[in-house]
Amino acid sequence: MKRALTGKESPSKKIKVCDEEEEDEEETSIAAEFSHPLPWGKIEAEGLDLDYAQLFSKDEADRLFKQLEEEVEYFTGEKAQVKVFGKLYSVPRKQATYGEPGLMYSFSGVHLLARPWTPTLEHIRNTVTSATGRSFNFVLVNRYKDGHDHMGEHRDDEKELDPGCPIASVSLGAARDFVFRHRDARGAKQRRHIEPVKLELAHGSLLLMNQPTNTYWYHSLPARKRILTPRINLTFRLIICQGRKEPKPSQ
DNA sequence: CTCAAGGCACGGTG
DNA sequence: TCACCGTGCCTTGA
């Protein structure tokens, strides 16, 4: 069953979309492989549109997590640094990018070239595609070694992303809180009162961020000091074909 | 002109 | 209690 949820219904309260009727059969993985009959939950607010589902059973998610721990190679050195307010920082997590050959993803002054798909990443991508009917040519892997690792508030508004395709976020490992905040309800000049939308991303879950969510809502993965185990997050994206760079008019 | 995938200081809270 | 959490701010280049 689905639940329509908005932030204002339960101010400052974490939304639990995780199905309370825990899955019991191994049907979960079989269903995921063949079609859509996943029990999707819908989360909506002004300008926000999310779909949430349990994509993998615990056993399968455990197996995938272990495989990724062996397969994924994370960036180090300057590829693991970003520039914010003019200063260079090491990102408080580990990152990797995989996808079709030649694809590049850039943000905050870093340019990350996609490595070729690993067997496990390709398998997960196929499962996500079966469940959503969407194609993806790229995945950003974020590994949070414990609750100290986190990601600050941002939007995935990169120009190279296909605006018509949702971003599909697969979570494996430790469950972590995830927070959305409307752009007009941030900072000192809060133009409007819009409650943040908070949810917990469970082991083996899939979250779809549909349009126009990334236009109006920032999201973050806040630090949670009491969490001592790692989480791997995969955000599958559709990157627009690399057109030739526009000729610069001047300079 | 706007705004930022970072850290830090600070005050409320359980 | 005091560790943790949420918020505002930083201040420079894109």
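These numbers come from the heavy atoms of this one structure, side chains and all, not from hydrogens, waters or symmetry mates. Throughout, protein chains are lettered first and strands after them, A, B, ... in sequence-line order, and every chain is numbered starting at 1.
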In whole Å, what is the span from the CE atom of A/Met151 to the P atom of B/dG7? 11 Å

From B/dG6, C/dC5, B/dA4, nucleotide with atom closest to A/Arg155 side chain: B/dA4

Partner of A/Thr120 under side chain to side chain donor-acceptor pair (under 3.5 Å), chosen from A/Arg125, A/Glu69, A/Glu71: A/Glu71

Using the side-chain heavy atoms of A/Arg226, tell me which of these nucleotides is nearest: C/dG6, C/dC4, C/dT11. C/dC4

With a 4.0 Å cut-off on heavy atoms, is A/His150 in touch with a base, just the backbone sugar-phosphate, or nothing at all? sugar-phosphate

Take the protein atom CG of A/Asn214 and the nucleotide atom P of B/dA4, then report the distance between them rounded to whole Å. 12 Å

Given that both distances must come in under 3.5 Å, which nucleotide forms a Watson-Crick or G-U wobble pair with B/dT2? C/dA14

Atom-to-atom span, NZ of A/Lys87 to P of B/dA4 - whole angstrom: 18 Å

A/Lys159 has an atom NZ; how far is it from atom C1' of B/dC3, in whole Å? 12 Å

Presence of salt bridge, A/Lys42 and A/Asp49, under 4.0 angstrom: yes

What nucleotide among B/dG7, C/dG6, B/dC3 has an atom nearest to a side-chain atom of A/Arg224? C/dG6

What class does the angle between the rings of A/Trp217 and A/Phe180 fall in, given that below 30° is parallel, 30 to 60° is tilted and above 60° is perpendicular? perpendicular

State which of B/dG7, C/dT7, B/dA4 makes the closest approach to the side chain of A/Pro92. B/dG7

Find the distance A/Phe178:CZ to C/dG6:P and express it as a whole number of Å. 14 Å

How long is the line joining CZ of A/Arg186 and P of B/dC3, in whole Å? 9 Å

Comparing nearest nucleotides in DNA chain C, the 5'-proximal residue of the pair A/Phe85, A/Arg181 is A/Arg181

Touch check for A/Tyr218, heavy atoms < 4.0 angstrom, all strands: base, sugar-phosphate only, or nothing? sugar-phosphate

What do you reckon, is CZ of A/Phe107 surrounded by more than 12 foreign heavy atoms closer than 6.0 Å? yes

Between P of B/dA4 and NE2 of A/His219, the distance in whole Å: 12 Å

Which label fits A/His203 and A/Phe65: parallel for a plane angle under 30°, tilted from 30 to 60°, or perpendicular past 60°? perpendicular

Expressed in angstrom and rounded to an integer, what is the separation of A/Phe180 atom CZ from C/dG6 atom P? 15 Å

Candidate nucleotides B/dA4, C/dC5, C/dT7, ranked by approach to the side chain of A/Lys225 - the nearest: C/dC5

